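This report concerns only the one structure given below.
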Protein chains: 2
Amino acid sequence: MSYSRHQLIALLRKRGIAPTHQRLEIANVLFSRGEHLAADQILTLVNERHAETSKATVYNTLNLFRDCGLIREVIVDPKRVFYDPNTEPHHHLYNVDTSEITDISADDLVVSGMPELPPGMVTEGVDIVVRIRAL
Amino acid sequence: MSYSRHQLIALLRKRGIAPTHQRLEIANVLFSRGEHLAADQILTLVNERHAETSKATVYNTLNLFRDCGLIREVIVDPKRVFYDPNTEPHHHLYNVDTSEITDISADDLVVSGMPELPPGMVTEGVDIVVRIRAL
DNA sequence: GCCAAAGATTGGACTTTGTCTAATCCGGGC
DNA sequence: GCCCGGATTAGACAAAGTCCAATCTTTGGC
């Protein structure tokens, strides 16, 4: 599931994000791999060939992508945030031993009995994490 | 919902935890308030009268309590772990504006369609977080 | 294509959360 | 009351993430 330079540019433009070098590199790593990656992993991957993107830019860009709804944060590991290129509603299987994250389709996993929210409150999202481990 | 010194000692002893001064203070803050608290909040609360418990001890103790099943970690805020004195199965409402956490009974909120686990894997827990915000 | 303005990137200092260590300090059993 | 293994401590350390002011790119108007 690889994306061409043009496709990536279109993806960013659609959200009003100026397609710079660094942003395209980061988008490429996220969307072409389709994996859940943490900031430090992205920093490493993006600089694999020749270093060209700084830590600050990786964090800036991930926050920008998140704010624009291009990617989603996954909060499962107390040590770091993971970024998910899949923004469709879905849930996660989290291997606590290896920190590996796998998707669970929202069609399979269904929640019922959502509580009334306090007035003036809206749901931003429902995240389900199934924590698993060996044995 | 206040706990007496004796009740707290019994609570720790039941899990084989030696009831020291500091541990009782921390247990008291958690169980008497019944709130979801982060380590730094616990450190502050415990030292409100006169400082007597160090940061290291707060972290040691929270990890100990967690390992002994006395409390539960709640991973919802990328900035810090919250500790929950309620270890019964239940879920959480998380106010992303205020970082406030509220319980949702597991009787109300039901999940169906749990996926097959890879062989040799066991479920450690299923955490549902309903993220809400004002507006 | 050129230029300026707006916006993006950068290294490095800084903050925060949490861990580690080696020294000291209990407290429960004898 | 004494001892000893476990508990506590200050402070150094580590890792994730933010901030800043200087510099570099993009982009849109011409």
Side-chain angles (χ1 to χ4, degrees), chain A residues 5-6 8-10 12-29 36-47 50-68 70-71 73-83 96 99 101, chain B residues 5-6 8-10 12-13 15-29 36-47 50-68 70-83 96 99 101:
Chain A
R5 181 176 186 76
H6 292 305
L8 289 171
I9 289 175
L12 301 213
R13 280 255 159 76
K14 208 192 321 175
R15 311 271 176 161
I17 300 170
T20 67
H21 257 300
Q22 290 86 340
R23 287 173 181 172
L24 289 171
E25 286 292 330
I26 292 168
N28 182 48
V29 164
H36 305 79
L37 296 171
D40 62 310
Q41 300 176 305
I42 293 170
L43 181 60
T44 303
L45 286 169
V46 150
N47 287 323
H50 16 261
E52 51 189 358
T53 305
S54 71
K55 184 176 70 155
T57 298
V58 169
Y59 280 102
N60 288 343
T61 301
L62 290 171
N63 290 337
L64 176 69
F65 284 4
R66 185 242 291 124
D67 292 344
C68 294
L70 205 59
I71 60 177
E73 280 182 348
V74 183
I75 316 290
V76 284
D77 182 333
K79 310 217 83 116
R80 58 239 235 266
V81 174
F82 284 88
Y83 292 90
V96 296
S99 291
I101 300 174
Chain B
R5 182 177 185 75
H6 291 306
L8 289 170
I9 290 174
L12 301 212
R13 280 255 160 77
R15 311 271 176 161
I17 300 170
T20 68
H21 223 266
Q22 289 87 340
R23 288 173 180 172
L24 289 171
E25 286 291 330
I26 293 169
N28 183 47
V29 163
H36 305 79
L37 296 170
D40 61 311
Q41 300 176 304
I42 293 170
L43 181 60
T44 303
L45 286 169
V46 149
N47 287 323
H50 16 261
E52 51 189 359
T53 305
S54 72
K55 186 176 68 153
T57 298
V58 169
Y59 279 102
N60 286 344
T61 302
L62 289 171
N63 289 337
L64 176 69
F65 284 5
R66 185 244 290 125
D67 292 345
C68 294
L70 205 58
I71 61 177
R72 219 173 84 172
E73 281 182 348
V74 182
I75 316 290
V76 283
D77 182 334
K79 310 217 83 119
R80 58 239 235 268
V81 173
F82 284 88
Y83 292 90
V96 296
S99 290
I101 301 174

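Predicted model, so just to flag it, every value in this text is computed and none were measured.
Contact annotation for H21(B): no contact, since no heavy-atom pair falls under 4.0 Å across all strands. Within 4.0 Å of N63(A), counting heavy atoms only, lie sugar-phosphate atoms of the nucleic acid but no base atom. Backbone-only contact: R13(A) has heavy atoms under 4.0 Å from sugar-phosphate atoms and none from a base. Among the atoms of the strands shown, none is found under 4.0 Å from any heavy atom of P19(B).
The separation between N47(B) atom CG and dT9(D) atom P is 8 Å, rounded to whole Å. Atom CD of Q41(B) and atom P of dT16(C) are 15 Å apart (whole Å). Rounded to an integer number of Å, the gap from CG of L43(A) to C1' of dG12(C) is 14 Å. Between the C1' atom of dG6(D) and the CD1 atom of I17(B) lies a distance of 14 Å, rounded to the nearest Å. One interatomic measurement links the two molecules: CG of L12(A) to P of dT27(D), which rounds to 11 Å at whole-angstrom precision. Separating the NZ atom of K79(B) from the C1' atom of dG17(D) is a distance of 6 Å, rounded to the nearest angstrom. Counting to the nearest Å, the C1' atom of dG18(C) and the CG atom of D40(B) are 11 Å from each other. The distance between atom CZ of F82(A) and atom C1' of dG17(D), rounded to the nearest whole Å, is 15 Å.
Remark: R80(B) is not in phosphate contact with dT16(C), judged by side-chain N or O atoms under 4.0 Å from OP1 or OP2. Of the side-chain N and O atoms in T61(B), none sit less than 4.0 angstrom from OP1 or OP2 of dA7(D). Listed pair Y59(A) / dT18(D) fails the phosphate criterion, with no side-chain N or O lying under 4.0 Å from OP1 or OP2. When the side-chain nitrogen and oxygen atoms of Q22(A) are compared with OP1 and OP2 of dT25(D), none of them lie within a distance under 4.0 Å. Put simply, T53(B) has no side-chain N or O that comes within less than 4.0 Å of OP1 or OP2 on dT8(D). Between T57(A) and dT10(C), a side-chain N or O to OP1/OP2 separation shorter than 4.0 Å is present.
Of the candidates dG11(C), dA7(D), dG17(D), dG17(D) carries the atom nearest the V81(A) side chain, counting heavy atoms from C-beta on. Here the nucleotide nearest the side chain of N60(A), chosen from dG18(C), dT10(C), dA8(C), is dT10(C).
Where R23(A) and A39(B) meet DNA chain C, the nucleotide closest to each residue was compared, and R23(A) sits on the side nearer the 5' end.
Scanning all heavy atoms of the two residues, the minimum distance from P19(A) to L24(A) falls at O-CD1, 4.1 Å. Listed here is the closest heavy atom pair of A39(A) and V58(A): O-CG1, 3.8 Å. Of all heavy-atom pairs spanning T53(A) and L43(A), the tightest one is O-CD1, 3.6 Å.
With hydrogens and angles ignored, no donor-acceptor pair under 3.5 angstrom links the side chain of K55(A) to the base of dG11(C).
Evaluated for a side chain to side chain contact (heavy atoms under 4.5 Å, CB included) with S99(A), the options H36(A), K79(A), R80(A) yield exactly one hit, R80(A). For the side chain to side chain contact (heavy atoms under 4.5 Å, CB included) with E25(A), the qualifying choice from N47(A), V46(A), T57(A) is V46(A), the only one to do so.
In this structure, CD1 on I71(B) lies 9.0 Å from CD1 on I26(B), to the nearest 0.5 angstrom.
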